[in-house]
Amino acid sequence: MADDIFKKLIAHCKEYGFVFPSSEIYDGMGAVYDYGQLGVELKNNIKRYWWESMVLLHENVVGLDSAIFMHPTVWKASGHVDAFNDPLIDNKDSKKRYRADVLIEDLIQKFEGKIAKEVTKAKKRFGDSFDEEQFKTTNPRVLANQAKIDEVHGRFVKALEENDLAELKAIIEDYEIACPISGSRNWTDVRQFNLMFSTEVGSTADGAQKIFLRPETAQGIFVNYLNVQKTGRMKIPFGIAQIGKAFRNEIVARQFIFRMREFEQMEMQFFVRPGSEMDWFKKWKETRMSWHKALGFSEDSYRFHDHDKLAHYANAATDIEFKMPFGFKEVEGIHSRTDFDLSQHEKYCGKKIQYFDPELNKSYTPYVIETSIGVDRMFLTMMAGSYCEEELEKDSRVVLKLPPVLAPVKLAVMPLVKKDGLPDKARAIIDNLKFDFNCQYDEKDSIGKRYRRQDAIGTPFCVTVDHQALEDNTVTIRYRDTMEQERVSIDDLHHIISEKVSYKSLYAKIK
RNA sequence: GCGGGAAUAGCUCAGUUGAUAGAGCAUUAGCCUUCCAAGCUAAGGGUCGCGGGUUUGAGUCCCGUUUCCCGCUCCA
């Protein structure tokens, strides 16, 4: 049932120009999507809501737009190079996945264990007169095992250096390494699992530099910490906010735009005094949750999910989850990252990255609270939370009950009939409002059909121009969710609409 | 990555034992002039995901491949 709704949502996104599969005319690209004419409006509105609520609302939060390309050492310092660069292999019978390098290291250990056993045995036999070095260089069993170790090790190191995955598999096959669970040697090919996409800068002739596409925007903030703090005369506590693309080469990317290999993040790193991080963690948890709830979806659409298993950099972490058609899913993460990142960069770049706190009269490495939200996931929650199929008395409708602030089109203006000067009147209304609101004009088909079309794309207001408008300058305004209509003066339209689509009224609800 | 299913017009789908590719909705133009879709007329739009094979002939049968969906796996 839920799957059904999700499928319909995906179809709806495509049919009305919210989200298209990437490169569709060439059969598409797995897990890559493009935002269409309405999708880009919704996405921009989401970003604006976030940006303003961070940067305008907090005088101690400033923005940043750092480059996607960064110095390769950044990713060594952050831990991404070591943590996510593994050759993986699957056993086809047990369906278990292993790191090929670990399997081979285990094999070497096995041989070393055999040698150690021989040595222990010999020690017992020869007692004090035992010469370990001499034994190791002459005993045929030890030598045989040592030869195997040398051979495996030599091939292993070379394969790793040359990134030769076929050779890794060959080692596993040659030495008949079996799956500990199934006991079988029925292996898949070895595949490199690189979390990070890489590319090259410079011509290959004079040795190009291998660089990565950033897997998170956070590091752009950390490497600019000193720049912003000094030039902006920022005093702790303060935050740096950034919106930007990030890239992760996920093995399995699925569930529409929920997990993509290219995605957009809205991250804010908040620098605090060591020891105060838990208070700030709590504070931002509340603030971020109220940001979500201000949009008006039901209370039970959201929940926190605290992490038991923490990442290498964190000492506290929680997710804000939204009730999707396929269950509660993470939309935003709030992490207490300690001083891990700044300390690491200090270590790798050799420059002091600290803050002199005049109140304490001492320097320290600030602690960091991070709030990180996926724009695409936020987009999906808005679509999933808004999509409704309603049964009416005589028929049914599909309506996107998007928060009016975020709706791609704010109002549609339509002449009741396309003659008697009504179209001109409608056009004049649009000309007056188009600089403040995204408007659509529609005169095609019956008025009811036009309302349905606007419902399907989430337009909160429809203004209908009838003959009375020509006499007394009034029109009807029809509300998407209730389908109720009011007759109002054309002069009041701007006021009525701006009140309901204002970001400001939402900001007032954020703690 | 493994296993299963699917792919025909913008959308939802039909297409018989293999023989000139269809419907509804949508779109465009016109008629009608109407406050909650589906009135009338006409038009445009598909080398049936892609590549091979079998066949006189393939949307249909076979093989491969790509993409999507479901489950498992993975997810700092």
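Computed from a predicted structure; not experimentally measured. Computed over heavy atoms, backbone and side chain alike; hydrogens, waters and symmetry mates excluded. Lettering of chains follows the sequences in order, A, B, ..., and the numbering in each one begins at 1.
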Novice: Output all residues satisfying ring-ring contact (aromatic ring centres under 6.0 Å, His included) with A/Phe270, sequence neighbours left out; order by chain, then residue number.
Specialist: A/Trp280, A/Trp284

Novice: Taking atom P of B/C75 as reference, at what distance in whole Å does atom NE2 of A/His307 sit?
Specialist: 14 Å

Novice: Report the C-alpha distance between A/Gln265 and A/Val375 in whole Å, list the side-chain angles of each, state the deciding distance to 0.1 Å, and finish with yes or no for side-chain contact (heavy atoms from CB on, under 4.5 Å).
Specialist: CA-CA 6 Å; A/Gln265 291 184 308; A/Val375 180; over 6 Å; no

Novice: Please list, chain by chain and in numerical order, all residues satisfying side-chain contact (heavy atoms from CB on, under 4.5 Å) with A/Asn45, sequence neighbours excluded.
Specialist: A/Leu406, A/Lys410, A/Tyr503

Novice: In whole angstrom, give me the gap between the C1' atoms of B/A58 and B/U16.
Specialist: 15 Å

Novice: How many whole angstroms separate atom CZ of A/Phe18 from atom C1' of B/G10?
Specialist: 16 Å

Novice: With a 6.0 Å cut-off on the ring centroids, do A/Tyr33 and A/Phe256 count as close?
Specialist: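 They qualify: ring centres under 6.0 Å apart.
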
Novice: Write out all pairs satisfying salt bridge (Lys or Arg N to Asp or Glu O under 4.0 Å) with one or both partners inside residues 337-349 of chain A, taking only residues at least two apart or from two chains.
Specialist: A/Glu216-A/Arg337, A/Arg337-A/Asp341, A/Arg337-A/Glu370

Novice: Whole Å only: how far is the NE2 atom of A/His305 from the P atom of B/C75?
Specialist: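 Those two atoms, NE2 and P, are 15 Å apart.
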
Novice: Does anything in residues 380-431 of chain A form a ring-ring contact (aromatic ring centres under 6.0 Å, His included)? List the pairs, not counting sequence neighbours.
Specialist: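 Non-adjacent pairs meeting ring-ring contact (aromatic ring centres under 6.0 Å, His included): A/His12-A/Tyr387.
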
Novice: Ignoring hydrogens and angles, tell me if any N or O in the side chain of A/Thr318 forms a donor-acceptor pair with the backbone of A/His305 under 3.5 Å.
Specialist: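 Yes.
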
Novice: What residues in residues 416-424 of chain A put a non-hydrogen atom under 4.0 Å from any atom of RNA chain B?
Specialist: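 Nucleic-acid contacts, sorted: A/Leu416, A/Val417, A/Lys418.
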
Novice: Just how far, in rounded Å, is C1' of B/A37 from CZ of A/Arg452?
Specialist: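 Roughly 6 Å, once rounded to whole Å.
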
Novice: At less than 4.0 Å, is any side-chain N or O atom of A/Lys14 found next to OP1 or OP2 of B/C11? Yes or no.
Specialist: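 So the side-chain polar atoms of A/Lys14 do come within 4.0 Å of the phosphate oxygens OP1 or OP2 of B/C11, strictly under.
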
Novice: Rounding to the closest angstrom, what is the interatomic distance between B/G18 and B/U55 at atom C1'?
Specialist: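 About 9 Å, rounded to a whole number of Å.
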
Novice: For A/Met260 and B/C68, give me the distance from atom CE to atom P, rounded to whole Å.
Specialist: 13 Å

Novice: Using atom C1' in both nucleotides, what's the gap between B/G15 and B/G59 to the nearest angstrom?
Specialist: 8 Å

Novice: Can you list, by residue number, the residues of residues 457-475 of chain A that have a non-hydrogen atom closer than 4.0 angstrom to RNA chain B?
Specialist: A/Thr464, A/Asp466

Novice: Taking the side chain of A/Ala11 as its heavy atoms from C-beta onward, which of B/U12, B/C36, B/C35 lies nearest to it?
Specialist: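 The closest nucleotide is B/U12.
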
Novice: Might you point out which heavy atoms bring A/Asn438 and A/Pro408 nearest each other, and give the distance in Å?
Specialist: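 Looking at all heavy atoms of both residues, the shortest contact is ND2-O, 2.8 Å.
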
Novice: Would you say A/Ser396's side chain and A/Leu392's backbone share a donor-acceptor pair under 3.5 angstrom?
Specialist: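 Not a single qualifying donor-acceptor pair exists.
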
Novice: What interatomic distance, in whole Å, is found between C1' of B/U54 and the corresponding atom of B/C63?
Specialist: 11 Å

Novice: Are any protein N/O atoms closer than 3.5 Å to N/O atoms in nucleotides 25-28 of chain B? If there are, list each pair with its distance.
Specialist:
from  : atom 1 : to       : atom 2 : distance (Å)
B/A26 : OP1    : A/Lys449 : NZ     : 2.9
B/U27 : OP1    : A/Arg453 : NH1    : 3.0

Novice: In whole angstrom, what separates A/Asp455's CG from B/C35's P?
Specialist: 17 Å

Novice: Applying side chain to side chain donor-acceptor pair (under 3.5 Å), can you list everything that pairs with A/Thr459, at least two apart in sequence or on another chain?
Specialist: A/Gln454

Novice: Using the C1' atom on both, measure B/U8 against B/A14 and round to a whole Å.
Specialist: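 B/U8 and B/A14 have their C1' atoms separated by 10 Å.
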
Novice: For A/Val417, check side-chain contact (heavy atoms from CB on, under 4.5 Å) against everything at least two apart and list the hits.
Specialist: A/Lys419, A/Asp420, A/Leu422, A/His467

Novice: Separation of A/Leu9 atom CG from B/C68 atom P, in whole Å?
Specialist: 17 Å

Novice: In terms of side-chain geometry, is the basic nitrogen of A/Asp466 or A/Arg487 positioned less than 4.0 Å from the acidic oxygen of its partner?
Specialist: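 Yes, A/Asp466 and A/Arg487 are salt-bridged.
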
Novice: Could you give me the stems involving RNA chain B, meaning stretches of three or more consecutive Watson-Crick or G-U wobble pairs whose two defining distances are both below 3.5 Å?
Specialist: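 Ordered by first number, the stems with RNA chain B (at least 3 consecutive pairs each) read B:1-7 with B:66-72, B:10-13 with B:22-25, B:27-31 with B:39-43, B:49-53 with B:61-65.
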
Novice: Can you name the closest pair of heavy atoms from A/Glu264 and A/Ile243 and give their distance?
Specialist: OE2-CG2, 3.6 Å

Novice: Taking only the C1' atom of each, what is the distance from B/C75 to B/G5 in whole angstrom?
Specialist: 25 Å

Novice: Return whichever of A/Glu370 or A/Leu392 has its heavy-atom-nearest nucleotide of RNA chain B closer to the 5' end.
Specialist: A/Leu392

Novice: Indicate the ring-plane relationship of A/Phe437 and A/His494, choosing parallel, tilted or perpendicular according to the 30° and 60° boundaries.
Specialist: tilted

Novice: Decide if the gap between the ring center of A/Phe18 and the ring center of A/Tyr35 is smaller than 6.0 angstrom.
Specialist: no

Novice: Would a distance-only check, ignoring hydrogens and angles, find a side-chain to backbone donor-acceptor pair under 3.5 Å from A/Gln485 to A/Arg478?
Specialist: no

Novice: Heavy-atom nearest nucleotide on RNA chain B for A/Ile10 versus A/Ser396: which residue maps closer to 5'?
Specialist: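 First, find each residue's nearest nucleotide; the 5'-ward one identifies A/Ser396.
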
Novice: Would you check if the side chain of A/Arg214 reaches a backbone N or O of A/Ala67 as a donor-acceptor pair within less than 3.5 Å?
Specialist: yes

Novice: Pairs of donor and acceptor atoms involving the side chains of residues 321-331 of chain A, under 3.5 Å and at least two apart or interchain, shall be tabulated with distances.
Specialist:
from     : atom 1 : to       : atom 2 : distance (Å)
A/Glu321 : OE1    : A/Arg303 : NE     : 2.7
A/Glu321 : OE1    : A/Arg303 : NH2    : 3.0

Novice: Could you tell me how far B/C25 sits from B/G45 if I compare only their C1' atoms? Round to whole Å.
Specialist: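 So the two C1' atoms sit 14 Å from each other.
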
Novice: Write down the distance between NZ (A/Lys169) and C1' (B/G1), rounded to a whole number of angstrom.
Specialist: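 Rounded to whole Å, this separation is 12 Å.
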
Novice: Residues from residues 477-489 of chain A sitting under 4.0 Å of RNA chain B, heavy atoms only?
Specialist: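 Heavy-atom contacts with RNA chain B come from A/Arg478, A/Met483, A/Gln485.
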
Novice: Between B/U41 and B/U60, how many Å separate the two P atoms, rounded to a whole number?
Specialist: 36 Å

